Novice: 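Provided herewith is a single structure, encoded as C-alpha cells, for subsequent inquiry.
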Amino acid sequence: MVYIPYLREEIEIPKDVKVEVKKVGNDVVVKVSGPLGSIEKNFGYIPILVSVNGSKVILESYFARKFEKALIGTIKSKIKNMILGVTKGWRYKLKIVFSHFPIMVKVQGNQLVIENFLGRRSKIYLDIPNGVKVQTTRDEVIVEGIDVDLVSQFAANIEQATTLRGDERPCPHGREGGPGVLDGIYVYQIEHMKP
C-alpha cells in the first residue's frame, strides 16, 4: 500500500464569508456564514485535519492512503459548495413536460402538489425542506436555496416522483418500440441565484 507522507489542500475564503471549524467529540463541524445566510454541516469523524488560517481553510493528512486522498477532495468540494451557497446561492430549474394531460404543479403551504400526472386523479405530495424556496409557473418549477445538498435532493425528488418504471412506460398511440411516454418533470438547468 502506497502512503503519501503529507497531503495538504487549501480553499480561499472570500472577504464577505466567515468559516468556523469546531470539534464536537470526534466529529468535525464546519459553519460557513455569508451575505445570503449560514450553513452548518457535521462531517462526522474524518481522519483528516481541518483548520482555518487567515483567509484559507486548510485540509491536511499525514501518511494518507487512497481513502484519505479521496476524502480530502470530497471535503474540499463540500466546503467550496457551502461558500458558493452563502455568496451566490443555488437555483435548479425543472421543465414540466406533457403531451395529452396537462400536469399542474403548485405550492400549498410547505408542500409541492403535482396534479393530473398522466390524467391520474391521485395527487403527488412532496414536503419542501426548510431552507428551500419553490416557485411554479405553467411549464416550470424553480427550486432555490443556499445549501446545494438540500436544493439538488429536492429537485431530484420532484423528478423521481414523475418517473415511470417498467410497464408504466407505454408507447403512445399503441405503437411498439417507441420511446414511451415522456411526460414528467425534468431538471434542465443549474445556476446561481446571484451572478
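Please read these numbers as outputs of a predicted model, since none were measured by experiment. Just the heavy atoms: all of them, side chains too, but no hydrogens, waters or symmetry mates, feed the values below.
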Novice: Taking atom NZ as the centre, does Lys41 end up with more than 12 heavy-atom neighbours from other residues, nucleotides or ligands that are less than 6.0 angstrom away?
Specialist: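 Yes, because the 6.0 Å sphere around NZ of Lys41 holds more than 12 heavy atoms from other groups.
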Novice: Quick check for you: to the nearest 0.5 Å, what is the distance between Phe63 atom CZ and Leu7 atom CG?
Specialist: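 Answer for the CZ-CG pair, Phe63 versus Leu7, is 12.5 Å.
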Novice: Can you find a pair of side-chain heavy atoms, one from Ser51 and one from Val57, that are under 4.5 Å apart?
Specialist: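 With C-beta onward as the side chain, the pair stays apart.
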Novice: Decide yes or no for Ile46 and Ile75: does some side-chain heavy atom of the first lie under 4.5 Å from some side-chain heavy atom of the second?
Specialist: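 Side-chain contact under 4.5 Å: yes.
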Novice: Do Leu112 and Val107 come within less than 4.5 Å of each other through their side chains, counting heavy atoms only?
Specialist: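 Contact flag for Leu112/Val107 side chains = yes.
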Novice: Is there a side-chain contact between Glu40 and Val29 in this structure, where contact means two heavy atoms from C-beta onward sitting under 4.5 Å apart?
Specialist: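 Yes - at least one pair of side-chain heavy atoms lies under 4.5 Å apart.
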Novice: Using every non-hydrogen atom in the two residues, find where Trp90 and Asn81 come nearest and quote the distance to one decimal.
Specialist: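 Result for this residue pair: NE1-O, 3.5 Å.
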Novice: Membership question, hydrophobic clusters at under 4.5 Å side-chain separation (ILVMFWY): are Phe98 and Val113 in the same one?
Specialist: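 Not linked; separate clusters.
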Novice: Are there more than 12 heavy atoms of other residues, nucleotides or ligands under 6.0 Å from atom NZ of Lys93?
Specialist: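 More than 12 within 6.0 Å, yes.
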Novice: Provide the closest heavy-atom pair for Val28 versus Lys23 in the form atom of the first, atom of the second, distance.
Specialist: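 That closest heavy-atom pairing would be CG2-NZ, 4.2 Å.
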Novice: Among Asp139, Asn116, Ile114, find the residue that satisfies the side-chain contact (heavy atoms from CB on, under 4.5 Å) test when tested with Ile103.
Specialist: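 Of Asp139, Asn116, Ile114, side-chain contact (heavy atoms from CB on, under 4.5 Å) with Ile103 is met by Ile114 alone.
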Novice: Is there a path of hydrophobic side-chain contacts, each under 4.5 Å between heavy atoms of I/L/V/M/F/W/Y residues, joining Val50 to Val52?
Specialist: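 Yes, Val52 connects to Val50 through the hydrophobic network.
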Novice: Applying a strict under-4.5 Å side-chain criterion to I, L, V, M, F, W and Y, I'd like to know whether Leu150 and Val148 cluster together.
Specialist: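 Same hydrophobic cluster.
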Novice: Just verifying a value: how many Å separate Leu36 CG and Glu144 CD, rounded to the nearest 0.5 Å?
Specialist: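 Between Leu36 CG and Glu144 CD, I get 10.5 Å after rounding to 0.5 Å.
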Novice: For residues Glu159 and Tyr186, is any side-chain donor paired with an opposing acceptor at under 3.5 Å?
Specialist: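 No donor-acceptor contact under 3.5 Å links the two side chains.
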Novice: Using side-chain heavy atoms (C-beta onward) and a distance below 4.5 Å, is Pro35 in contact with Thr87?
Specialist: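 Touching, per the 4.5 Å side-chain cut-off.
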Novice: For the residue pair Gln153 and Asn157, confirm or rule out a side-chain donor-acceptor distance under 3.5 Å.
Specialist: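 Yes, side-chain donor-acceptor contact under 3.5 Å.
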Novice: Answer yes or no: are there more than 12 heavy-atom neighbours, outside Lys56 itself, under 6.0 Å from its atom NZ?
Specialist: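 Count not over threshold, so no.
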Novice: Measuring from Met82:CE to Ser33:OG, what's the distance to the nearest 0.5 Å?
Specialist: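 Here the rounded value is 9.0 Å.
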Novice: Using a 6.0 Å cut-off, check whether atom CG of Asp16 has over 12 heavy atoms from anything other than its own residue.
Specialist: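 Yes, because the 6.0 Å sphere around CG of Asp16 holds more than 12 heavy atoms from other groups.
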Novice: To check you understand the geometry: which heavy-atom pair defines the closest contact between Val187 and Ala155, and what is its length?
Specialist: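 That closest heavy-atom pairing would be CG2-CB, 4.1 Å.
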Novice: Find out if a path of hydrophobic residues (ILVMFWY) with successive side-chain heavy-atom gaps under 4.5 Å connects Leu71 to Ile11.
Specialist: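 Yes, Leu71 connects to Ile11 through the hydrophobic network.
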Novice: To check you understand the geometry: which heavy-atom pair defines the closest contact between Val30 and Phe43, and what is its length?
Specialist: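 Shortest heavy-atom contact: CG2-CE1, 3.5 Å.
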Novice: Please check if the side chain of Ser61 supplies one atom and the backbone of Glu68 the other of a donor-acceptor pair under 3.5 Å.
Specialist: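 No; judged by distance alone, with no hydrogens or angles, the pair does not exist.
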Novice: Does Glu10 pair with Arg8 as a salt bridge, N-O distance under 4.0 Å?
Specialist: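 Here Glu10 pairs with Arg8 in a salt bridge, since their nearest N and O are under 4.0 Å apart.
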Novice: Should the heavy atoms of other residues, nucleotides or ligands under 6.0 Å from OH of Tyr6 be counted, would the total exceed 12?
Specialist: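 It does: Tyr6 OH has more than 12 such atoms within range.
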Novice: Taking NZ in Lys194 as the centre, count heavy atoms belonging to other residues, nucleotides or ligands within less than 6.0 Å. Is the count above 12?
Specialist: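 Not more than 12 within 6.0 Å, no.
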Novice: Would you say that Val19 contacts Lys31 through its side chain, given a criterion of any heavy-atom pair below 4.5 Å between the two side chains?
Specialist: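 No. Closest side-chain heavy atoms not under 4.5 Å.
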Novice: How close do Thr162 and Phe117 get, counting heavy atoms only, and between which atoms?
Specialist: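 So the minimum-distance heavy-atom pair works out to O-CZ, 3.3 Å.
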Novice: To the nearest 0.5 angstrom, please state how far the CD1 atom of Ile72 sits from the CD1 atom of Ile4.
Specialist: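 Separation between the atoms: 8.5 Å.
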Novice: For Val132 versus Phe154, what's the shortest heavy-atom pair and its separation?
Specialist: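 The answer is CG1-CD2, 4.3 Å.
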Novice: Give, for atom CD1 of Ile158 and atom CG of Leu94, the distance between the pair rounded to the nearest 0.5 Å.
Specialist: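 Ile158 CD1 to Leu94 CG: 5.5 Å, rounded to 0.5 Å.
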Novice: Do Ile96 and Glu140 come close enough that some side-chain heavy atom pair is under 4.5 Å?
Specialist: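 Not touching, per the 4.5 Å side-chain cut-off.
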Novice: Apply side chain to side chain contact (heavy atoms under 4.5 Å, CB included) to His100 and Leu118, showing your working.
Specialist: CA-CA 8 Å; His100 295 295; Leu118 292 179; over 6 Å; no
Novice: Are the side chains of Gln189 and Arg91 in touch, meaning some heavy atoms are under 4.5 Å apart?
Specialist: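 They are not in side-chain contact.
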Novice: Using the salt bridge (Lys or Arg N to Asp or Glu O under 4.0 Å) rule, pick out the option among Glu9, Glu12, Glu60 that qualifies with Lys76.
Specialist: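 Option passing the salt bridge (Lys or Arg N to Asp or Glu O under 4.0 Å) with Lys76: Glu9.
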Novice: Show me, pair by pair, the donor-acceptor contacts under 3.5 angstrom made by side chains of residues 122-129, not counting sequence neighbours?
Specialist:
residue	atom	partner	partner atom	Å
Lys123	NZ	Glu115	OE2	3.4
Asp127	OD1	Gln111	NE2	2.9

Novice: Check whether any side-chain N or O of His192 sits under 3.5 Å from a backbone N or O of Gly89 as a donor-acceptor pair, and report yes or no.
Specialist: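 Checking the backbone N and O of Gly89 against the side chain of His192, a donor-acceptor pair under 3.5 Å is found.
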Novice: Under a single-linkage definition using a 4.5 Å side-chain heavy-atom cutoff for Ile, Leu, Val, Met, Phe, Trp and Tyr, are Ile146 and Ile142 assigned to the same hydrophobic cluster?
Specialist: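 No, because Ile146 and Ile142 fall into different hydrophobic clusters, even though each may have its own neighbours under 4.5 Å.
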